[in-house]
Asker: 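Dropping a structure here in structure tokens format, bear with me for questions.
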Amino acid sequence: MSTRTPLMAGNWKMNLDWKQGLALVEELGEQLKDVDTSKVETVVLPPFVDIRTVQTAVEAGKLPIAYGAQDISEHESGAYTGEVSGPMLSALGCTYVAVGHSERRQYHGETEQITNNKVKAAFAAGLTPILCVGEPLEERKAGKHVEYTLAQLEGGIEGLDVEQAKQIVIAYEPVWAIGTGEVATPDDAQEVCAAIREALQAIYGAEVAGAVRVLYGGSVKSANVAELMEKQDVDGALVGGASLKAEEFAKIAGFQG
Ligand code: 13P
């Protein structure tokens, strides 16, 4: 367990319309009353069309929940049909945005360059990117998981200054563990999260490496979060399926007891 403030982020993916999202965030606010929210940062990443409703609920109820988006346009504004810009997200009170999720890379053709542009677009709009990295099964089987993941890391953070690097959140999500129920072992998660921190240290120095939160993602639930969080370099979780149930996600946020 590290001294960095743990961050538990719920990626709702393409689930829950605005009414369902409202119900979930209100229920999560209730459930978090049993959690010491000064010790953990709880974040939800709803679909774009839910964000305005989530904003209203969080502000009205003064809920201890930060929120953000699952994606961001590389561009600031203009003729990019279907895209949502960083300034639009910050105008909704978003503080985080996921960038380079494996589902974006796999199904939407997001390259390293696009991911890097999106990380920069997030910073330009005052948002904190949660840069997602992680290897597919073949790379893991070939023993190339660290190398593969670090290449994605280096591509994603290319050109960031020290202040930006200190603020970024990295999520290590091995593709084979996403939505499969097959969670990485705490040692597997630690191995890659530590390698990510070492790479940050080599590029930006010890202060940045010590500050950056590195999350693990892939089949995290309340039953396995505590053992993952015991690891020195795991500072939180990026949670998919288990973030869609308020009680379960609040238990994840309350992993410290
Ligand atoms: P699951 O928790 O459903 O495996 O999803 C992980 C994930 O992709 C979070 O971004």
Side-chain angles (χ1 to χ4, degrees), residues 6-16 20-21 24-25 28 40-48 50-51 54 65-72 89 94-108 110 115 118-119 122 127-137 139-140 145 148-149 152-153 156 168-186 188-189 192-193 196 213-229 231 234-255:
L7 193 163
M8 297 300 175
N11 174 8
W12 295 2
K13 307 194 178 183
M14 197 173 73
N15 296 294
L16 310 181
Q20 295 165 323
L24 176 58
V25 85
L28 182 60
V40 60
E41 208 178 335
T42 309
V43 177
V44 295
L45 306 175
F48 289 129
D50 296 8
I51 294 176
V54 167
I65 301 169
Y67 55 90
Q70 299 167 19
D71 187 27
I72 179 173
L89 296 174
C94 289
T95 47
Y96 288 96
V97 61
V99 174
H101 192 281
S102 61
E103 289 151 17
R104 300 292 320 166
R105 296 178 194 257
Q106 197 176 343
Y107 307 133
H108 302 275
E110 287 196 8
T115 300
K118 289 186 174 193
V119 165
L127 302 163
T128 298
I130 301 175
L131 171 66
C132 305
V133 294
E135 81 286 353
L137 187 58
E139 307 295 332
R140 159 92 23 194
H145 47 288
Y148 183 96
T149 303
Q152 284 186 331
L153 172 75
I168 200 169
V169 175
I170 309 295
Y172 169 56
E173 297 204 308
V175 177
W176 48 269
I178 296 178
T180 57
E182 193 179 337
V183 64
T185 66
D188 287 341
V192 184
C193 292
I196 289 170
R213 280 160 320 159
V214 182
L215 316 183
Y216 166 78
S219 299
V220 173
K221 36 185 188 290
S222 62
N224 58 28
V225 68
E227 57 184 26
L228 289 160
M229 291 302 293
K231 294 294 171 182
V234 178
D235 304 316
L238 184 55
V239 185
S243 73
L244 300 174
K245 295 203 176 83
E247 193 182 349
E248 173 67 4
F249 191 49
K251 273 193 197 158
I252 291 172
F255 73 97

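Just follow the structure's listing: the first ligand is 1, and inside any ligand the first atom is 1. For the numbers below, each heavy atom of this structure counts, side chains included, while hydrogens, waters and symmetry mates do not.
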Asker: With a cut-off of 4.0 Å, which atoms of ligand 1 are near a heavy atom of L238?
Answerer: 9 (C), 10 (O)
Asker: Run the numbers for me: atoms of ligand 1, each under 4.0 Å from some heavy atom of A177, listed by number.
Answerer: 4 (O)
Asker: Go through ligand 1 atom by atom and flag the ones less than 4.0 Å from a non-hydrogen atom of G241.
Answerer: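 Counting atoms of ligand 1 from 1, those under 4.0 Å from G241 are 1 (P), 2 (O), 3 (O).
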Asker: Taking only heavy atoms of H101 into account, list the atoms of ligand 1 that are under 4.0 Å away from them.
Answerer: 7 (C), 8 (O), 9 (C), 10 (O)
Asker: Would G240 count as a polar contact of ligand 1, with the cut-off being nitrogen or oxygen pairs under 3.5 Å?
Answerer: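 Right, the criterion is met.
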Asker: Counting each atom of ligand 1 from 1 as listed, which ones have a heavy atom of G179 under 4.0 Å away?
Answerer: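 Those qualifying, in numeric order: 1 (P), 3 (O), 4 (O).
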Asker: What protein heavy atom is closest to atom 5 (O) of ligand 1, reported as residue, atom name and distance in Å?
Answerer: K13 NZ, 3.3 Å
Asker: Going by distance only, is there an N or O of G217 that falls short of 3.5 Å from an N or O of ligand 1?
Answerer: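 For ligand 1, there is no N or O atom that lies under 3.5 Å from one belonging to G217.
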Asker: Quick one: does P174's side chain get under 4.5 Å of Y216's, heavy atoms only?
Answerer: yes
Asker: Report, one line per pair, each donor and acceptor closer than 3.5 Å where one atom sits in a side chain of residues 176-183; sequence neighbours left out.
Answerer:
from	atom 1	to	atom 2	distance (Å)
W176	NE1	E135	OE2	2.8
T180	OG1	W176	O	2.9
T180	OG1	A177	O	3.4
T180	OG1	E182	N	3.0

Asker: Is A242 close enough to touch ligand 1? Criterion: a residue heavy atom under 4.0 Å from a ligand atom.
Answerer: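 Judged by the 4.0 Å heavy-atom criterion, A242 does not count as contacting ligand 1.
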Asker: So if I count the atoms of ligand 1 from 1 in the order they appear, which ones are less than 4.0 Å from some heavy atom of E173?
Answerer: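 This gives 6 (C), 7 (C), 8 (O), 9 (C), 10 (O) as the contact atoms.
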Asker: Which heavy atom in I196 sits nearest to a heavy atom in Y172, and how many Å separate them?
Answerer: CD1-CB, 4.0 Å
Asker: Can you find an N/O atom of S219 closer than 3.5 Å to an N/O atom of ligand 1?
Answerer: yes
Asker: List the atom of A246, the atom of L24, and the distance in Å for their closest heavy-atom pair.
Answerer: N-CD1, 3.4 Å
Asker: What residue among H108, Q70, E173, Q106 forms side-chain hydrogen bond (donor to acceptor under 3.5 Å, both in side chains) with H101?
Answerer: E173
Asker: If you look at every heavy atom in L228 and A189, which pair is closest and at what distance?
Answerer: CD2-CB, 4.0 Å
Asker: side-chain contact (heavy atoms from CB on, under 4.5 Å) with V169: which of D235, V43, L215?
Answerer: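 Of D235, V43, L215, side-chain contact (heavy atoms from CB on, under 4.5 Å) with V169 is met by L215 alone.
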Asker: Which is it for N11 and ligand 1 at heavy atoms under 4.0 Å: side chain, backbone, both or neither?
Answerer: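 It is the side chain that gets close, since no backbone atom is under 4.0 Å.
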Asker: Considering non-hydrogen atoms only, spot the tightest contact between F249 and G10 and give its length.
Answerer: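 Nearest pair, atom of F249 first, then G10: CZ-N, 3.4 Å.
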